[in-house]
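Proteins get letters first, then strands, A, B, ... in listed order; numbering begins at 1 in each.
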There are 2 protein chains.
Amino acid sequence: MKLSSQTQAFVLHFGEMGSRWGFNRTVGQMFALMTVHSEPLNADQLAQALKISRGNVSMGLKELQAWRLVELHHQPGDRKDYFTAAGTIWDLARTVFEERRKRELDPTLTLLRQLLLNDPQDEEEARAQERMQEVYSLLEMLDQFANTLSKLDEKDLLKLMKLGSGLSKLLELKGKVTGGGSKSK
Amino acid sequence: MKLSSQTQAFVLHFGEMGSRWGFNRTVGQMFALMTVHSEPLNADQLAQALKISRGNVSMGLKELQAWRLVELHHQPGDRKDYFTAAGTIWDLARTVFEERRKRELDPTLTLLRQLLLNDPQDEEEARAQERMQEVYSLLEMLDQFANTLSKLDEKDLLKLMKLGSGLSKLLELKGKVTGGGSKSK
DNA sequence: TACAATTTTCAGAAATTTCTGAAAGCTCAA
DNA sequence: TTGAGCTTTCAGAAATTTCTGAAAATTGTA
């Protein structure tokens with residue numbers, strides 16, 4: 001399989017960006033290729049197109065499955081596994097968003113909950129705990145907000161993201177209209 | 001300077017998480033320490049507290065300055081540079097958010113704009129470009145949304161993040177109340 | 001059951017990133 | 001202008017991550 005120079009560039013770029021997005025170069029490349037390629041691809045095709053070893057492809061696919069970013073298919077009369085990117089671009093973005101939340105926020109929230117259980121032993125420790133509490137509150141809220149966003153359907157998400165400066169206007173309305181409605185807990 | 005076991009744990013954790021947040025272990029540790037420590041710290045104190053070399057501290061501080069996460073101070077009669085985390089926890093979170101947007105989104109948007117200028121040479125390339133266009137549209141919107149969020153003041157951000165399920169209710173109101181108001185371009 | 005096709009695993013190699021520490025560079029008071 | 005005190009730089013070392021490829025495991029078919 002020969003990649004067009006467009007696809008080549010796209011794939012290489014996603015490889016470079018991979019580490020910033022939470023996966024390594026070849027995983028990024030594999031994901032990019034499956035995203036733009038309309039047909040399902042098997043491991044040999046991936047290895048050949050990206051010029052990487054068969055073993056590396058196997059590991060990469062495992063990783064992408066852990067991220068829930070790929071889908072397994074089978075072709076009749078062919079024992080090979082074929083893969084595609086899982087769902088629409090929106091689905092993919094949502095999945096990346098959720099997985100990153102899980103990986104970047106949850107472990108820290110867990111640790112901070114732990115640490116904040118202990119009583120501070122001196123002044124300096126008390127001050128440190130205050131700051132940790134602030135970090136915790138903020139991350140906790142961010143986590144819940146991310147969770148709320150994840151649950152919105154595509155229509156609402158689109159609406160929200162397109163609001164622009166309308167967002168703060170809408171926030172002003174909050175309560176005024178519904179009479180203090182959603183007290184969310 | 002001796003770190004309490006609390007602070008020690010916090011610092012080590014931020015070191016581990018560092019790579020997921022966009023910086024390396026020692027940079028994460030330095031940032032964590034400055035975040036919980038109330039007093040400004042100089043390079044020697046950082047090196048000693050974290051048991052890392054003076055040179056590494058210097059590089060780390062440079063990195064944290066590039067992220068705009070630390071602030072330089074001077075003590076009267078002392079030629080050393082002293083550093084603190086730049087601003088409140090909210091300020092810091094906002095800065096990390098903005099920097100990450102810049103690093104994770106901008107390069108990809110730039111590349112995709114480039115690639116989409118070219119005319120597709122065949123069917124497969126046309127299909128690939130369609131997908132790239134979808135990726136572009138989504139990332140572009142995300143970028144603008146992130147930008148909108150960055151501009152909200154703390155009060156509004158808090159309000160938004162606390163909405164929970166109230167968010168979709170509020171979105172339903174959009175337009176109905178203001179009479180189609182903010183058409184945002 | 002036997003075996004051919006395929007995938008997975010994993011030890012070691014290669015590549016990349018991070019860290020150290022000595023030397024070079026700055027800056028300011030005298 | 002000198003030199004003490006401090007910071008930065010950067011070549012090479014150390015640590016970590018990623019990748020390869022051969023061997024082991026798995027799976028479906030005859």
Identify all side-chain donor-acceptor contacts of residues 55-64 of chain B below 3.5 Å with residues at least two apart in sequence or on another chain.
residue, atom, partner, partner atom, Å
B:Glu63, OE2, B:Trp67, NE1, 3.3

Counterpart residues, ring pair (Phe, Tyr, Trp, His ring centres under 6.0 Å), relative to B:Phe31 (two or more places apart):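 Residues passing ring pair (Phe, Tyr, Trp, His ring centres under 6.0 Å) with B:Phe31: none at all.
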* **Listed partners of A:Phe83 passing ring pair (Phe, Tyr, Trp, His ring centres under 6.0 Å), at least two apart** =>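 Residues passing ring pair (Phe, Tyr, Trp, His ring centres under 6.0 Å) with A:Phe83: none at all.
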Taking all non-hydrogen atoms of both residues into account, name the closest pair between A:Met30 and A:Leu50 and its distance.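 For A:Met30 versus A:Leu50, the nearest heavy atoms are CG-CD1, 3.5 Å.
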Are A:Leu111 and B:Leu12 connected, step by step, through hydrophobic side chains (Ile, Leu, Val, Met, Phe, Trp, Tyr) whose heavy atoms are closer than 4.5 Å?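 Cluster IDs for A:Leu111 and B:Leu12 differ.
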Within one Ile-Leu-Val-Met-Phe-Trp-Tyr cluster: A:Leu171 and A:Leu173, side-chain cutoff 4.5 Å
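Yes, because A:Leu171 and A:Leu173 connect within a single hydrophobic cluster, where side-chain heavy atoms sit under 4.5 Å apart.
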_Contact between A:Leu163 and B:Thr148 at the side-chain level, heavy atoms closer than 4.5 Å - yes or no?_
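Counting from C-beta outward, A:Leu163 and B:Thr148 never come under 4.5 Å.
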Practice prompt. Measure from NZ on A:Lys80 to P on C:dT7 and round the result to the nearest Å.
Written response: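 In whole Å, C:dT7 P lies 7 Å from A:Lys80 NZ.
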query = In which stems does DNA chain D show up, taking only runs of three or more Watson-Crick or G-U wobble pairs whose two distances fall under 3.5 Å?
reply =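 Stem segments, range with range: C:1-30 with D:1-30.
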Does a side chain donor of either B:Gln114 or B:Thr110 reach within less than 3.5 Å of an acceptor in the other side chain?
->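 Per modelled atom types, B:Gln114 and B:Thr110 side chains form no pair under 3.5 Å.
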So if I take residues 64-77 of chain B and measure heavy-atom distances to DNA chain D, which residues fall below 4.0 Å?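 Output list: empty, so none.
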Quiz prompt | Strand contacts (DNA chain D) in residues 33-47 of chain A, 4.0 angstrom heavy-atom criterion | solution =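 Correct list: empty, so none.
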Quick tally for nucleotides 16-29 of chain C: nucleotides whose base has a protein heavy atom under 4.0 Å get B, sugar-phosphate-only ones S, the rest -, giving S-SBBB-----B--
ask   = On DNA chain C, nearest-nucleotide positions of A:Lys62 versus A:Asp78: which is more 5'?
value =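 Closest to the 5' end, via its nearest nucleotide, is A:Asp78.
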* To do: Only counting residues at least two apart or in another chain, list the ones meeting side-chain hydrogen bond (donor to acceptor under 3.5 Å, both in side chains) with B:Ser168.
  =>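 Testing B:Ser168 for side-chain hydrogen bond (donor to acceptor under 3.5 Å, both in side chains), a comparison that skips the adjacent residues, returns none.
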- Item | Residue list, side-chain hydrogen bond (donor to acceptor under 3.5 Å, both in side chains) with B:Gln129, at least two apart or on another chain |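 B:Gln129 satisfies side-chain hydrogen bond (donor to acceptor under 3.5 Å, both in side chains) with A:Gln6 once adjacent residues are dropped.
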Item to check | Set of residues satisfying side-chain contact (heavy atoms from CB on, under 4.5 Å) with respect to A:Gln121, sequence neighbours excluded | outcome: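 With sequence neighbours excluded, A:Gln121 shows a side-chain contact (heavy atoms from CB on, under 4.5 Å) to A:Glu125, given in chain and number order.
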Which side-chain hydrogen bond (donor to acceptor under 3.5 Å, both in side chains) pairs, counting each pair once, include a residue from residues 91-101 of chain A, with sequence neighbours left out?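 Sorted result for residues 91-101 of chain A: A:Arg68-A:Glu98, A:Arg68-A:Glu99, A:Thr88-A:Asp91, A:Glu99-A:Lys102, A:Glu99-A:Arg103, A:Arg100-A:Glu104, A:Arg100-B:Glu104, A:Arg101-A:Asp143, A:Arg101-A:Asn147.
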ask   = Which residue pairs pass the salt bridge (charged side-chain N to carboxylate O under 4.0 Å, His left out) test when at least one of the two sits in residues 144-157 of chain B, sequence neighbours left out?
value =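 Residue pairs passing salt bridge (charged side-chain N to carboxylate O under 4.0 Å, His left out), neighbours aside: B:Asp156-B:Lys159.
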